[in-house]
Amino acid sequence: MAYIDMKYFGTYYYSNIVQGIIKNPFDYLTNFESIFGNYGILGFVQPFRKKSNLHEFLDFVIDSLFREESSKLTVTACRDTTNFNFGNPTYITPLEQAFRVYEMEHLSFMDWWKNSKEEILKNEHFGEYYEYLFYLNDYYKIIELLSEDVFYILFLNREFLQEFNKFFASYLEMCDGDEEAKNAVIEDDLHDIVRPNFKLNRVNIPKWVERAVFFRDRGMCVNCGKDLSGYLSLDNKENYDHIVPLNLYGFNDVSNIQLLCKKCNSEKSGNPSLPATKYQRWYEI
């Protein structure tokens with residue numbers, strides 16, 4: 001059985017940031033050019049990758065936050081409050097803290113500063129130290145680990161998953177009727193995945209996706225709460241449904257799948273639906 005070693009290093013902070021971005025994406029549109037520009041949305045259409053669209057987006061956001069942070073750090077923010085040597089204070093940057101938490105080898109800021117000829121603290125040039133960390137191979141490993149922690153939290157939030165997939169669908173829909181986007185499909189050999197109207201073809205859902213969604217939704221229809229485990233009734237058959245339907249430019253991605261009973265799935269058909277926000281308590285209070 002696969003486990004992740006949750007460090008809870010900024011997990012809820014990054015979760016809140018990502019939810020804010022998806023809720024108010026127009027505040028961040030300039031930043032999205034590097035990931036969605038030049039029909040970059042077509043890089044997300046491969047069906048059911050284990051490194052899901054949500055993982056990729058989390059990587060992008062967390063990396064962007066660290067890079068933005070590198071130009072805004074102040075001496076006060078980097079003061080190591082765990083060290084009470086006021087006569088000779090020490091400093092640690094937030095990114096260095098991540099290296100420490102995930103036990104990745106790196107040169108500490110204090111040691112790097114000793115080897116530098118720049119008056120780092122006087123001029124607050126922390127960006128140069130960040131550039132050193134960015135070029136370490138383990139930097140991207142840290143991004144992946146942070147993303148996995150945040151994914152664990154957000155994958156449980158069906159309302160967020162719907163908004164996230166609607167956001168991605170909006171970029172795919174913008175490709176419809178665009179000749180350059182059609183040429184990009186030809187160049188990237190995506191004919192078997194992307195239809196001429198830029199809606200994605202239906203594919204078989206892998207067993208690992210079904211298993212992940214079944215356990216996340218606790219073997220119950222997220223709409224009516226019907227038990228689909230087979231323990232209470234053999235007549236209840238699980239249906240794996242696209243949260244944002246393919247006919248509305250939804251993606252074949254684990255983040256876009258939910259568990260429904262046959263009746264609820266038939267009634268929903270290819271229509272959008274309100275996200276299921278009711279969850280069973282762990283215990284009664």
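- Residues Q162 and R158 are not in side-chain contact: their nearest non-hydrogen atoms beyond the backbone lie 4.5 Å or more apart.
- One distance of note links CG of L145 with NZ of K7; it measures 9.0 Å at 0.5 Å rounding.
- At least one side-chain heavy atom of K268 sits under 4.5 Å from a side-chain heavy atom of P245.
- The number of heavy atoms from other shown groups lying within 6.0 Å of NZ (K263) does not exceed 12.
- Between T74 and F126 there is no side-chain heavy-atom pair separated by less than 4.5 Å.
- With a 6.0 Å radius and a threshold of 12 heavy atoms from other residues, nucleotides or ligands, E131 has its CD atom above the threshold.
- Here the CG-CG distance, from L54 to L58, works out to 4.5 Å after rounding to the nearest 0.5 Å.
- Looking at E69 and L65, their side chains never come closer than 4.5 Å, going by heavy atoms from C-beta outward.
- Applying the side chain to side chain contact (heavy atoms under 4.5 Å, CB included) criterion to D63, with sequence neighbours excluded, gives R67, Y139, I143.
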message = Quick one, I22 with F160, criterion side chain to side chain contact (heavy atoms under 4.5 Å, CB included). Give me CA distance, side-chain angles, the key distance, then yes/no.
response = CA-CA 8 Å; I22 296 303; F160 165 79; 3.7 Å; yes
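- L156 and V213 are members of different hydrophobic clusters when ILVMFWY side chains are connected at heavy-atom separations under 4.5 Å.
- No continuous path of hydrophobic side-chain contacts links I257 to I153 [ILVMFWY only; heavy atoms under 4.5 Å].
- Counting non-hydrogen atoms of other residues, nucleotides and ligands closer than 6.0 Å to CG of N38 gives a total of 12 or fewer.
- Counting only distance, with no hydrogens or angles, the side chain of D217 and the backbone of L259 share a donor-acceptor pair below 3.5 Å.
- For the atom pair N16 CG and L154 CG, the distance stands at 9.0 Å (nearest 0.5 Å).
- Of all heavy-atom pairs spanning A212 and F155, the tightest one is O-CE2, 4.3 Å.
- Nearest heavy atoms, S108 versus Y129: C-OH, 3.4 Å.
- In this structure a side-chain-to-backbone donor-acceptor pair under 3.5 Å is present from N165 to L161.
- Minimum heavy-atom separation, R49 to W208: O-CH2, 3.7 Å.
- Here the side chains of R216 and Q258 are in contact, with some heavy-atom distance below 4.5 Å.
- Q19 places a side-chain heavy atom less than 4.5 Å from the side chain of N157.
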task = For side chain to side chain contact (heavy atoms under 4.5 Å, CB included), just list the numbers for L136 and M104, CA-CA rounded to whole Å, side-chain angles, deciding distance to a tenth of an Å, and then say yes or no.
result = CA-CA 10 Å; L136 295 179; M104 302 295 182; over 6 Å; no
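- Side-chain atoms of N239 come within 3.5 Å of backbone N or O of K237 as a donor-acceptor pair.
- At distances below 3.5 Å, not a single donor-acceptor pair connects side-chain atoms of N252 with backbone N or O atoms of F48.
- Atoms CG and CD1, on L42 and I193 in that order, are 10.0 Å from each other to the nearest 0.5 Å.
- Pairs engaging residues 190-206 under the salt bridge (charged side-chain N to carboxylate O under 4.0 Å, His left out) rule: none recorded [sequence neighbours left out].
- In terms of modelled atom types and a separation under 3.5 Å, the side chain of D253 and the main chain of N53 share a donor-acceptor contact.
- Of the possible polar contacts, one joining the D178 side chain to the E180 backbone as a donor-acceptor pair under 3.5 Å is found.
- Judged purely by atom type and a 3.5 angstrom limit, N115 uses its side chain to pair as donor or acceptor with the backbone of D111.
- Residues Y152 and I142 do not share a hydrophobic cluster, clusters being chains of Ile/Leu/Val/Met/Phe/Trp/Tyr side chains in contact below 4.5 Å.
- The environment of NZ in K51 is crowded: more than 12 heavy-atom neighbours from other residues, nucleotides or ligands sit within 6.0 Å.
- Between the CG atom in L246 and the CG atom in L172 there is a gap of 10.0 Å [rounded to 0.5 Å].
- Residues I92 and Q97 approach most closely at CD1-CG, 3.4 Å, considering heavy atoms.
- For the pair F99/D138, a side-chain contact is recorded, criterion being any heavy-atom separation below 4.5 Å from C-beta on.
- Counted within 6.0 Å of CG on N24, heavy atoms from surrounding residues, nucleotides or ligands total more than 12; the atom is thus considered enclosed.
- Under the side chain to side chain contact (heavy atoms under 4.5 Å, CB included) criterion, I35 pairs with F32, F44, F57, F60, sequence neighbours left out.
- Judged by distance alone, the side chain of E173 and the main-chain N or O of Y249 form no donor-acceptor pair under 3.5 Å.
- By the rule that hydrophobic residues join a cluster once side-chain heavy atoms approach within less than 4.5 Å of another member, V209 and F215 end up as members of one cluster.
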inquiry  = Before you tell me yes or no, could you show the steps for H106 and Y132 under side chain to side chain contact (heavy atoms under 4.5 Å, CB included), namely the whole-Å CA-CA distance, both residues' side-chain angles and the distance that decides it to 0.1 Å?
reply    = CA-CA 9 Å; H106 67 287; Y132 152 70; 4.3 Å; yes
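- Y12 and I21 fall into different hydrophobic clusters, where Ile, Leu, Val, Met, Phe, Trp and Tyr are joined by side-chain heavy atoms under 4.5 Å apart, directly or via other members.
- In this structure, the side chains of F168 and S255 stay at 4.5 Å or more apart for every pair of heavy atoms.
- In this structure, F164 has its ring center at least 6.0 angstrom away from the ring center of F251.
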inquiry  = Evaluate F36 against I41 for side chain to side chain contact (heavy atoms under 4.5 Å, CB included), listing each step before the verdict.
reply    = CA-CA 5 Å; F36 293 132; I41 191 65; 3.7 Å; yes
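- The CG atom of L228 sits 9.0 Å away from atom SG of C264, with the distance rounded to the nearest 0.5 Å.
- For D149 against T11, the heavy-atom pair with the smallest separation is O-CG2, 3.7 Å.
- Residues F134 and F66 place their aromatic rings such that the two centres sit no closer than 6.0 Å.
- Nearest approach of C221 to C261, heavy atoms of both residues: SG-N, 3.3 Å.
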